[in-house]
Amino acid sequence: MEKEDLKLTSAEIGTLWGEYVNGTAVDIVNKYMLSIIEDEKIKLLFEDAIMIFDKQKSQIRQFIENEGFPVPVGFTESDLNKGTKRLFSDIFCLHYLHIMTLHGLLGHSTSLSSSVRKDLRHFYDSCTNDGMSMYHRTTELLLEKGHFQRDPYFYPEENPEFVSGQQFIDGFLGDKRPLASTEIIALSLNLKKKIMEKSLSIGFSQVTQSKEVRKFLESTQNASDQQIQSLSKILKGDKLPVPMSWESEVTASQDSPFSDKLMLYHIGFLLQSAQSYHGAGLAAAMRIDLVTTYEKIILKNLMITKEWFNLMTKNKWLEQPPLAPNRKDLAKGKEN
């Protein structure tokens, strides 16, 4: 069957919708960061990131329009306040692009796994290839500038080992076994994402115009800080290094470069994305204290996300994704 004979499924429309809205939010932040960056090498990466998304945005619009669905509003130049003071350092901007590239790669792979139509699969292949290229480039530049935070090193054992008893999962009382490398992967990644979330919350809370949004952002800061401390404590317990904070890379500016809508949405996007990383960490955890820590973080984030949803809907800032037909309402229309 030719691709034009296949209508896009609900999953395919849903992923395109999400890619568009999330992509436009990050694109506006990238455009602001490009306007303040002084380092030419970092600036070049942002120029390319904006150009790449502009191409992807046009393709997503075409997919959606061809199916007869309305293109989401997402975020536009109206959400960007041009000419405002610097809120972030150049290095923070580079870290931001690196972390958002990782989020993008996860999003593209998830979208690809939900896609059947050939042209859509090829589109997500190209998105993934662009993302992988940007990941390599941001990593190389962070390494060059001495700002890439590498994960802890291990020393090799002489022979393979097998789990031999209940003590492998114990973690509250008595001696705890050292962390497994598979557990450290998730701890390190979750910490880096949580550090970015906290730093953005700090910057956004300084510049938001809404008292309600500021209060929410301050609460996310506190929750992020508590979660960073909980995860860091586990690494420190094994005398392992903890990723450094980026809070000092946020300036003291109170001049808002973004709309309150964009800033609140962005934090919500990070909170929801983080749940998949926390879930992966929970799935990889084989020590009881680590399992309990992830469970507490996931539960807390669900509560914060509910607050976020209420605030977004109260301000009419949350765009509704395509819905399934309401069969009950359709049937009522036939009663007359």
Side-chain angles (χ1 to χ4, degrees), residues 17-40 42-61 64 70-101 103-104 107 130-131 134 138 196-214 216-217 220 246 249-273 308 311-312 315-319:
W17 191 92
E19 292 260 357
Y20 189 93
V21 175
N22 294 333
T24 54
V26 174
D27 185 53
I28 294 300
V29 177
N30 285 345
K31 287 177 178 176
Y32 164 69
M33 289 182 170
L34 176 63
S35 72
I36 63 170
I37 292 169
E38 297 175 351
D39 186 288
E40 290 301 324
I42 300 176
K43 182 176 287 188
L44 178 60
L45 288 183
F46 274 83
E47 288 173 349
D48 288 349
I50 291 167
M51 180 182 66
I52 289 167
F53 179 71
D54 191 54
K55 176 187 68 175
Q56 293 173 355
K57 180 181 175 182
S58 296
Q59 291 174 288
I60 295 172
R61 287 184 67 94
I64 294 175
V71 176
V73 175
F75 295 88
T76 66
E77 296 286 336
S78 65
D79 294 294
L80 177 62
N81 302 320
K82 297 180 179 179
T84 53
K85 296 177 183 178
R86 172 186 284 270
L87 184 58
F88 307 113
S89 71
D90 283 8
I91 286 299
F92 181 89
C93 293
L94 180 55
H95 279 296
Y96 174 86
L97 183 57
H98 181 73
I99 293 295
M100 289 304 113
T101 298
H103 280 303
D130 288 335
M134 186 59 69
T138 55
M196 172 62 70
E197 178 189 302
K198 180 185 175 184
S199 300
L200 282 175
S201 293
I202 290 172
F204 290 168
S205 67
Q206 290 175 189
V207 300
T208 183
Q209 303 300 307
S210 165
K211 291 182 179 179
E212 281 187 311
V213 174
R214 182 177 300 110
F216 174 80
L217 291 171
T220 61
W246 300 328
E249 305 297 333
V250 180
T251 74
S253 173
Q254 293 180 299
D255 195 8
S256 180
F258 312 113
S259 67
D260 285 358
K261 171 189 170 184
L262 185 145
M263 290 187 288
L264 185 59
Y265 179 87
H266 201 330
I267 294 301
F269 161 68
L270 291 177
L271 285 167
Q272 293 173 64
S273 299
W308 171 85
L311 192 52
M312 287 289 292
N315 287 282
K316 297 184 174 11
W317 288 340
L318 192 61
E319 197 167 354

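Positions are given from 1 along the sequence.
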Whether [X] side chain and [Y] backbone form a donor-acceptor pair below 3.5 Å:
{"X": "Gln209", "Y": "Val207", "value": "yes"}
{"X": "Asp27", "Y": "Gly23", "value": "no"}
{"X": "Gln206", "Y": "Thr251", "value": "yes"}
{"X": "Thr220", "Y": "Leu217", "value": "yes"}
{"X": "Asp79", "Y": "Thr76", "value": "yes"}
{"X": "Asp255", "Y": "Thr84", "value": "no"}
{"X": "Glu19", "Y": "Ile60", "value": "no"}
{"X": "Trp246", "Y": "Met196", "value": "no"}

Min side-chain heavy-atom separation [X]-[Y] under 4.5 Å:
{"X": "Leu200", "Y": "Phe92", "result": "yes"}
{"X": "Trp317", "Y": "Leu262", "result": "no"}
{"X": "Leu97", "Y": "Ile42", "result": "no"}
{"X": "Val26", "Y": "Tyr96", "result": "yes"}

Does atom CD of Glu47 have more than 12 heavy-atom neighbours, drawn from other residues, nucleotides or ligands, at distances under 6.0 Å? yes

I'd like to know whether NZ of Lys85 has more than 12 heavy-atom contacts from other residues, nucleotides or ligands below 6.0 angstrom. no

Drop me the distance from [X]'s [atom1] to [Y]'s [atom2], to the nearest 0.5 angstrom.
{"X": "Met263", "Y": "Phe216", "atom1": "CE", "atom2": "CZ", "answer": "13.0 Å"}
{"X": "Ile267", "Y": "Ser205", "atom1": "CD1", "atom2": "OG", "answer": "9.0 Å"}
{"X": "His98", "Y": "Cys93", "atom1": "NE2", "atom2": "SG", "answer": "15.0 Å"}
{"X": "Asp130", "Y": "Phe53", "atom1": "CG", "atom2": "CZ", "answer": "12.0 Å"}
{"X": "Leu87", "Y": "Gln254", "atom1": "CG", "atom2": "CD", "answer": "10.5 Å"}
{"X": "Lys261", "Y": "Leu318", "atom1": "NZ", "atom2": "CG", "answer": "9.5 Å"}

Sequence neighbours left out, what passes ring-ring contact (aromatic ring centres under 6.0 Å, His included) with Phe269? Give chain and number order. His103

Please report the C-alpha distance between His95 and Ser199 in whole Å, then the side-chain angles of each, then the deciding distance to 0.1 Å, and finally whether the side-chain contact (heavy atoms from CB on, under 4.5 Å) criterion is met. CA-CA 11 Å; His95 279 296; Ser199 300; over 6 Å; no

Specify the closest pair of heavy atoms between [X] and [Y], including all atoms of both residues, with the distance to one decimal.
{"X": "Asp90", "Y": "Glu38", "answer": "OD2-N, 3.0 Å"}
{"X": "Ser253", "Y": "Arg86", "answer": "CB-O, 3.4 Å"}
{"X": "Ala49", "Y": "Asn30", "answer": "CB-ND2, 4.3 Å"}
{"X": "Tyr20", "Y": "Pro72", "answer": "CE2-O, 3.2 Å"}
{"X": "Leu94", "Y": "Leu45", "answer": "CD1-CD1, 3.8 Å"}
{"X": "Phe258", "Y": "Ile28", "answer": "CE2-O, 4.0 Å"}

Are Thr101 and Thr138 close enough that a side-chain donor and a side-chain acceptor fall under 3.5 Å?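 Short answer, no.
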
Is there a donor in the side chain of Ser210 and an acceptor in the side chain of Thr208, or the other way round, less than 3.5 Å apart? no

My understanding is that only residues two or more places apart in sequence, or in another chain, count here; which of them pass salt bridge (Lys or Arg N to Asp or Glu O under 4.0 Å) with Glu77? Lys31, Lys82

Between His266 and Tyr32, is the gap from one ring center to the other below 6.0 Å?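 For His266 and Tyr32, the ring centres are not under 6.0 Å apart.
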
